[in-house]
Protein chains: 2
Amino acid sequence: MMDIALKAIADPRRREILRLVSLSELPATDIASHFSDVSRSAISQHLGVLRSANLVRERRDGNRRLYRVNDEEMARLRIFLDQYWSGGLDRLKTAAEAAEKRKK
Amino acid sequence: MMDIALKAIADPRRREILRLVSLSELPATDIASHFSDVSRSAISQHLGVLRSANLVRERRDGNRRLYRVNDEEMARLRIFLDQYWSGGLDRLKTAAEAAEKRKK
DNA sequence: TTCTTACGTAAGCATTCGCTTACACTCCAA
DNA sequence: TTGGAGTGTAAGCGAATGCTTACGTAAGAA
């Protein structure tokens, strides 16, 4: 079931959508207009994927549908990855911090 | 370029492989024998995907090829996700911790 | 040298994916 | 009530994916 979410974020276009709707709630048209090289329908289908992965929430406002990121599901996905990768939040945290320190 | 890694971990079979080689270094045959419902060749191809995503390291030992997880690349992937999802490690950490606390 | 083990890789196939075009529906304003 | 704006969805298509079988190759063992 977490599989669907992982497949969803594996697509760069969908990650960009997630980034947009994490900054502010947006109607589908506005989201689509951010992608000049692809049709509105394609974006609508991407939104469908994100919706079925429960990574975005949809709210109706008259004619429009406003999307925003589902922070809770994102957090759940993150926890899943944490536990999967290293069997513990702590070990991962130190690994990430070490890598970040090395970067500086 | 992080795309390849994300696509790689989107597959449940490959995640299971990563889990195995994060516990201990293993020859390809041993890895394959963990999957009864799929051929050795399929696992070899999965290993190829993980290798080109730089998520595993390969070491030759005579006839065999020993695989282990590449912790450094995993950490890089994790940092990428952290920054992508919430634009900062701190906000993510608190969100994850809050979700975990809610779970208890 | 000649097997055998341990592997990667090529070819082919069914399924999935991301996209486009075309269409259907729901609001709301005129 | 008619029309346009905002949106999801069906159909179809080319490309990518995951799998199988078959083959190729390197490293010991016999």
Side-chain angles (χ1 to χ4, degrees), chain A residues 1-21 24-70 77 84, chain B residues 1-21 24-70 77 84:
Chain A
M1 83 232 58
M2 210 43 106
D3 230 75
I4 303 176
L6 277 172
K7 290 237 170 81
I9 66 164
D11 185 274
R13 208 88 73 168
R14 285 194 286 266
R15 283 201 306 279
E16 178 65 10
I17 293 178
L18 282 177
R19 197 185 62 81
L20 290 174
V21 298
S24 61
E25 194 180 40
L26 289 176
T29 301
D30 287 20
I31 297 171
S33 69
H34 269 86
F35 301 88
S36 57
D37 59 334
V38 90
S39 76
R40 183 198 57 78
S41 176
I43 299 302
S44 180
Q45 290 172 55
H46 280 308
L47 284 171
V49 172
L50 292 173
R51 208 185 311 125
S52 65
N54 199 28
L55 290 175
V56 296
R57 294 203 177 285
E58 177 202 302
R59 179 171 69 91
R60 312 265 173 130
D61 173 39
N63 216 6
R64 306 178 307 167
R65 308 200 184 184
L66 302 175
Y67 287 94
R68 62 182 168 83
V69 75
N70 183 354
L77 176 54
Y84 215 97
Chain B
M1 84 234 50
M2 211 40 105
D3 230 72
I4 302 176
L6 277 172
K7 290 238 169 81
I9 66 165
D11 185 274
R13 208 89 71 171
R14 284 194 287 266
R15 284 201 305 280
E16 178 64 10
I17 293 178
L18 282 177
R19 197 184 62 81
L20 289 175
V21 298
S24 62
E25 194 181 39
L26 289 176
T29 301
D30 287 19
I31 298 171
S33 68
H34 270 86
F35 301 89
S36 57
D37 58 334
V38 90
S39 75
R40 183 197 58 80
S41 175
I43 300 302
S44 180
Q45 289 172 56
H46 280 307
L47 284 171
V49 172
L50 292 173
R51 208 185 312 126
S52 64
N54 200 27
L55 290 175
V56 296
R57 294 203 177 285
E58 177 202 302
R59 179 170 70 89
R60 312 266 173 130
D61 172 39
N63 216 4
R64 306 178 307 167
R65 307 200 185 184
L66 303 174
Y67 287 94
R68 63 182 167 83
V69 75
N70 183 354
L77 176 54
Y84 214 97

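Excluded from the calculations below are hydrogen atoms, water molecules and symmetry mates; all remaining heavy atoms, backbone and side chain alike, are included. Protein chains get the first letters and strands the later ones, always in sequence-line order, with residue 1 at the start of each. Since we're looking at a predicted model, the values are computed, not measured.
Going from atom CD of A:Gln45 over to atom C1' of D:dA11 covers 11 Å, rounded to whole Å. Between B:Leu66 atom CG and D:dA27 atom P there is a gap of 14 Å when expressed in whole angstrom units. When rounded to the nearest whole Å, the span between CZ of A:Arg65 and P of C:dC25 equals 14 Å. The distance between atom CD of A:Glu58 and atom C1' of C:dT26, rounded to the nearest whole Å, is 13 Å.
Neither OP1 nor OP2 of C:dT26 sits under 4.0 Å from any side-chain N or O of A:Arg60. Contact between the side-chain N/O atoms of A:Tyr67 and the OP1/OP2 oxygens of D:dG6 is not found at any separation under 4.0 Å.
Residue whose closest nucleotide on DNA chain C sits further toward the 5' end, between A:Val49 and A:Asn63: A:Val49.
Side-chain atoms of A:Ser41 and base atoms of D:dT9 include a donor and an acceptor less than 3.5 Å apart. Between the side chain of B:Ser44 and the base of C:dT9, no donor-acceptor pair under 3.5 Å is found. For B:Thr29 against C:dT5, a side-chain-to-base donor-acceptor contact under 3.5 Å is absent. Judged by atom type and distance alone, B:Arg40 reaches the base of C:dG8 through a side-chain donor-acceptor pair under 3.5 Å.
Using a 4.0 Å heavy-atom cutoff across all strands shown, B:Arg51 reaches sugar-phosphate atoms only and no base atom.
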